[in-house]
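In this text, all values refer to a predicted model and were calculated from it rather than measured experimentally. Whatever order the structure lists ligands and atoms in, that order sets their numbers, starting from 1.
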Amino acid sequence: MKILLVAPSSGYWKGIAKKRFFNGKTFRFSMLPLLTLAGLTPKEHEVTIVDEQIDALPVKKKFDLVAITAMTALAPRAYDIAHFFRLSGIPVVMGGFHATLNPEDALKHVDSIVIGPAYGAWRQLLEDLQAGSLKRMYYGKTGNGCIPVKLPREMLQAGKYVSVNATFATLGCSNGCLFCSVNKFYGMKRHERRVDEVISEIGSFKEKFFIFIDDNLVQDRIYATKLFTALVPLKKKWTAQVSIDISDDEELLDLMGKAGCIGVFIGLETFSEQALMSQDKNMKSPAYYRDSIKKIHKRGIFIESGIILGFDSDDRKVFKNTLRMLHKTAVDLIQLSILTPLPGTGLYSEMKCRITDHDLEHYDFRHAVFDPKLMTAEELQDGADWVIRQFYSPHRIIGRIFRWLFMKHGIVNLVYPAALSLAYLGRVIRFNINGSDPDIKKVTSYGRMKNRNTGFDYA
Ligand code: SF4
């Protein structure tokens, strides 16, 4: 069979890789789900991977199966693609977060869906298709043996990604944060790959730098200790996503530094304890963020923090306060989102009657799709833009670079936050993100922007 695997893209992002400047490369690294499917596909089939940020859809080629993975904001584009191929009689299967959390919605547009990670279901799906008995739903599994040891990374155009060497050691998260779709996707379960398997894969990377895409690499201390110990001799540099409670474990932090970690993404989310509690995210009180970050910095590890604005306890003062706290706690980089009740999450059920915008393309964490409690939706959007613009203003970036130089962690480690800061500044300029602090300038008119350039990742 000829199989097409598609990572859809829409709006400005479609074909962005062709642009000379700001082409999204710094933020583009993970095609892991599609690469994994390609790795699991028996050799008798021919696989084509299309990342719409880079390639156009091969509309003139004939395929026997099209498989699409999509987050909620990309579901409309995924459905357009599905309709196109289905018109020619080609069966379309959809997986990923949106289809898993909203199976009924997805099944209106495609022939079949895969719930959860597709690993354990993919080969069965192909066999069923060949036998003419494709089912409407498949349930993925994550056990050992479901995930191929070697991924066909050569299928990606390496120069178009900051690194094609993204991998994972663990899948899923056992916490139950209300706004999060990860726990729903993996059914609150975690899966850990065998450490020797992960190490052998990382050892095969020619480049020194790679990325762990795990949702929380350090959730299981015993596993993390084994993994980091085995990583030390490889002398690689890597980044990962972890939780802030890692700072309580200085021994593990030391080991993580020795193992080559140069940067972590941590979802601090907010500096309001009340907001954290409202989402059942009770890892650490924001009162301890400053000390925690200091301990992480001590190991030469930089911190990109996920920050969310728009919680029910957030009023118009939250923007200035957030900016002040980001500076005070010495966060190096931020990925700022507007609180988004993704369909299928606990937050969506809780906020359902306050949702004002049902256009799925706007569920990209950059649009206020609901009525906030203590401000207007326009103020929330304006204030969020203002925080981004301020945080990535050139004088603040320069100030942080001086801070990093004083930390004396070597030039290699410094490249990571400096390059990401410049990439974020590029986005701010490209997308003309300005905003204003609603606490100073009361927003009188704004108007919901239907085709607003979102400028930030969907993840
Ligand atoms: S937000 Fe982070 S800690 Fe909470 S459930 Fe999601 S992945 Fe786990």
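For the pair Asn183 and ligand 1, a heavy-atom separation below 4.0 Å is found.
Of the protein's heavy atoms, Cys177 SG, 2.3 Å lies nearest to atom 4 (Fe) of ligand 1. Among all non-hydrogen protein atoms, the one lying nearest atom 2 (Fe) of ligand 1 is Lys281 NZ, 3.9 Å.
The number of heavy atoms from other shown groups lying within 6.0 Å of CZ (Arg290) does not exceed 12.
For Arg396 and Phe391, the positive end is not near the middle of the six-membered ring at less than 6.0 Å and at most 45° from its axis. For Arg427 and Phe27, the positive end sits near the middle of the six-membered ring, less than 6.0 Å away and at most 45° from its axis.
Just one of Leu37, Leu40, Leu4, Thr41 meets the side chain to side chain contact (heavy atoms under 4.5 Å, CB included) condition when paired with Val47; it is Thr41.
With a cut-off of 2.8 Å, atom 6 (Fe) of ligand 1 has an N, O or S atom of Cys180 in range.
When non-hydrogen atoms are compared, ligand 1 lies under 4.0 Å from the side chain of Cys173 (C-beta onward) but not from its backbone.
A salt bridge links Arg194 to Asp196: one of the charged nitrogens lies within less than 4.0 Å of a carboxylate oxygen.
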